[in-house]
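In what follows, chains carry the letters A, B, and so on, assigned in the order in which the sequence lines appear, proteins first and then strands, with residues in each chain numbered from 1.
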Amino acid sequence: MGKPMTEQTQTPETQSSPSTDVGKSDIIRVEGMHKWYGDFHVLKDLNLTVRHGERIVICGPSGSGKSTFIRCINRLEEHQQGKIIVDDVELTDDVRQIDSVRREVGMVFQHFNLFPHLTVLENCCLSPIWVRKTPRKEAEATAMEYLERVKIPDQANKFPGQLSGGQQQRVAIARALCMKPKIMLFDEPTSALDPEMIKEVLDVMIELAGSGMTMLCVTHEMGFAKTVADRVIFMDGGEIVEEAPPHDFFTNPQEPRTQKFLKQILQH
Amino acid sequence: MAESTMKAPKKRIDPVRWARENLFSSWHNTILTLLVGYLIVTSVGPLLNWVLLDANFQGSDPSDCTGAGACWLFINQRLNFFIYGFYPEEFQWRVDIMFGLLALSFAPQFIERFPGRKWLGLFGLTGLPIVGYFLIPGGLFGLEEVQSSKWGGLMLTLILAYIGIIASLPIGTLLALGRRSEMPIIRGLCVVFIEVWRAVPLITVLFMASVMLPLFLPEGMNFEKLARALIGITLWQSAYMAEVIRGGLQAIPRGQYEAASALGLGYWKKMGLIILPQALKLVIPGIVNTFISLFKDTTLVLIIGLFDILGTVQSTVTDPAWQNVAVEGYVFVAFCFWVFCFGISRYSQNLERKLDTGHRT
Ligand SMILES: Nc1ncnc2c1ncn2[C@@H]1O[C@H](COP(=O)(O)OP(=O)(O)OP(=O)(O)O)[C@@H](O)[C@H]1O
Ligand SMILES: [Mg+2]
């Protein structure tokens with residue numbers, strides 16, 4: 001994440017050619033992963049390899065385990081069987097390994113989850129200062145840089161409660177980026193937003209995708225998937241049902257369950 | 001932002017209209033208003049006479065009290081005892097320094113623009129007890145030792161309440177965190193501690209601390225009655241505090257924990273920087289409520305023979321030299337408690353306002 005993001009907003013066409021700047025090496029490997037909630041088998045034998053700089057969109061019906069899956073990648077949820085290796089670190093019970101993975105993985109939540117008692121700037125600086133031990137001055141400068149990139153530097157000294165939903169979500173993205181993560185996870189980042197705010201958040205995400213960030217994104221924004229994703233993953237009933245580049249996924253889905261799902265969401 | 005040219009309309013209050021709407025809106029409201037008015041008029045006069053107009057403030061001995069009004073002379077004459085107990089007069093300046101530091105630390109908290117008030121407050125919570133620990137008992141740095149059995153009055157009340165309050169907050173916080181811990185042993189210990197202490201009346205705690213504890217302690221490890229009472233009060237209060245704080249912890253949405261974890265914050269940083277600041281802010285009213293009730297509960301130390309302000313007054317009103325001064329004595333005690341408790345309450349409201357960042361989760 002050393003190089004700054006290109007300033008001009010790229011049009012979707014120029015950057016949609018998938019896998020052009022995708023690296024060769026793997027950054028996430030999920031192998032035969034299972035997870036249970038009590039007796040309930042939520043995730044069944046998931047296998048996924050993500051390369052550096054790849055952008056992956058995960059979709060599927062409600063309750064299919066999408067959130068649970070991406071939350072396993074930074075260990076907000078624990079898996080019981082199989083392997084998850086993130087940036088060459090395997091996720092086990094070892095707290096130090098979990099912490100080192102979390103330092104490299106940023107996450108954006110559906111409900112923003114900003115810290116309401118801290119200002120926007122403090123939200124962004126907190127983790128760099130306390131986890132990365134960055135000097136405050138430097139952390140603030142970095143935070144302002146990212147707030148500029150999500151286009152709200154003027155809100156830096158406000159509290160989250162004083163911002164609109166779209167602004168809050170952009171702050172949440174900036175906050176995650178301040179840790180200079182190698183991977184960004186998004187869990188339905190726009191589904192709690194009013195329609196007019198969805199675009200401002202998607203624009204930021206599209207820009208981020210253009211900068212070479214590895215992204216895993218749970219979303220139902222199919223336009224976003226078409227323009228940005230290298231691969232689309234369809235989950236149902238805790239399984240990965242289909243995995244394909246967006247063009248194939250939308251025009252020529254193989255599995256009946258995918259076809260049914262696409263028919264439902266494309267009707268709207 | 002463009003400045004609005006429209007002003008918000010001011011709310012005007014017309015007293016006649018207000019009275020008609022609120023006091024005389026119907027015939028039974030009118031009767032109630034008149035009745036209450038009559039009671040106020042007939043009781044305020046005599047009360048005022050008793051407290052101020054007919055009261056005796058000046059004089060040198062009990063016969064100077066005429067008996068028509070309150071005998072404040074009594075309070076005046078015994079004030080030293082009520083404030084310092086048996087603390088020797090020549091060393092009372094040490095207590096005065098503590099009173100001064102207490103006021104210096106907390107009075108500025110009410111003044112918005114007071115320079116460095118944050119630091120003064122911090123001193124009040126950390127440095128002040130340390131200074132007091134050396135200054136009041138003495139025995140070090142060439143200060144004459146004053147046995148804790150000589151301490152009394154308001155000074156003792158403040159010591160008990162202050163230490164109970166500032167020690168129970170951190171202990172209670174740890175207990176609350178422990179009770180929500182994922183480690184079964186820690187959780188179990190905290191649950192047992194809280195449930196045992198909270199279920200026992202303070203009066204029994206004090207009694208056990210002063211009478212039973214020495215029986216269990218090894219020979220020679222017998223520390224003072226006051227210290228034992230303080231430990232009892234603190235642990236008892238911590239159990240209460242823990243439950244108040246746990247309420248706050250439970251009110252913090254799971255997303256806050258998750259966001260903090262996702263940013264790589266470990267347990268203590270997550271709690272200290274994200275969860276506790278929000279949870280404590282949420283339960284300020286509950287915390288202050290327990291503070292205030294502890295402040296008043298300190299009067300129970302009377303039963304183990306410690307003379308707090310109530311104790312000193314009570315022992316004086318039975319003094320045969322003074323007759324019929326019990327009411328004055330208890331009014332004085334009530335007033336002292338009210339001043340401090342009201343102060344705590346106002347301060348907490350101040351704090352709540354200041355910490356309000358306009359967010360409702
Ligand atoms: N803490 C939990 N305990 C038990 N079951 C859970 C828990 N969290 C989720 N589940 C169940 O696991 C399944 C998958 O949930 P998950 O949140 O991953 O779905 P999702 O695909 O993200 O759905 P949505 O689109 O509604 O967000 C659901 O059936 C849900 O009821
Ligand atoms: Mg979900």
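When the side-chain hydrogen bond (donor to acceptor under 3.5 Å, both in side chains) test is applied to A/R132, no partner is found at least two apart in sequence or on another chain. A/N74 pairs by the side-chain hydrogen bond (donor to acceptor under 3.5 Å, both in side chains) definition with nothing, not counting sequence neighbours.
Within a 6.0 Å sphere centred on CD of B/E182, other residues, nucleotides and ligands contribute 12 heavy atoms or fewer. With a 6.0 Å radius and a threshold of 12 heavy atoms from other residues, nucleotides or ligands, B/R346 has its CZ atom at or below the threshold. For B/W119, the CH2 atom counts as loosely surrounded, since its 6.0 Å shell holds 12 or fewer non-hydrogen atoms of other residues, nucleotides or ligands.
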Fill in: Verdict with supporting geometry, B/I274 and A/L126, side chain to side chain contact (heavy atoms under 4.5 Å, CB included)
CA-CA 10 Å; B/I274 307 299; A/L126 185 89; 3.4 Å; yes
Discussion item. As a quick check of understanding, evaluate side chain to side chain contact (heavy atoms under 4.5 Å, CB included) for A/R102 and B/L263, giving each step before the final call.
Written reply: CA-CA 6 Å; A/R102 283 177 177 165; B/L263 283 168; over 6 Å; no
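Summarising the geometry, atom CZ belonging to A/R71 is positioned 4.0 Å from atom CD belonging to B/E258; distances are rounded to the nearest 0.5 Å. Going from atom NE2 of A/H117 over to atom CG of B/L273 covers 7.0 Å, rounded to the nearest 0.5 Å. Of the inter-residue distances, the one linking B/K270 atom NZ with A/W130 atom CH2 reads 16.0 Å to the nearest 0.5 angstrom.
With contacts defined as side-chain heavy-atom distances shorter than 4.5 Å, the pair B/Q256/A/P116 qualifies. Side-chain contact between A/D99 and B/L265: absent, with no pair of heavy atoms (C-beta onward) separated by less than 4.5 Å.
Among A/V101, A/L185, A/N113, the residue making the largest number of heavy-atom pairs under 4.5 Å with chain B is A/N113.
For A/F115, the parts lying under 4.5 angstrom from a heavy atom of chain B are both the backbone and the side chain.
The two residues B/A262 and A/F109 make their nearest non-hydrogen contact at CB-CZ, 4.1 Å.
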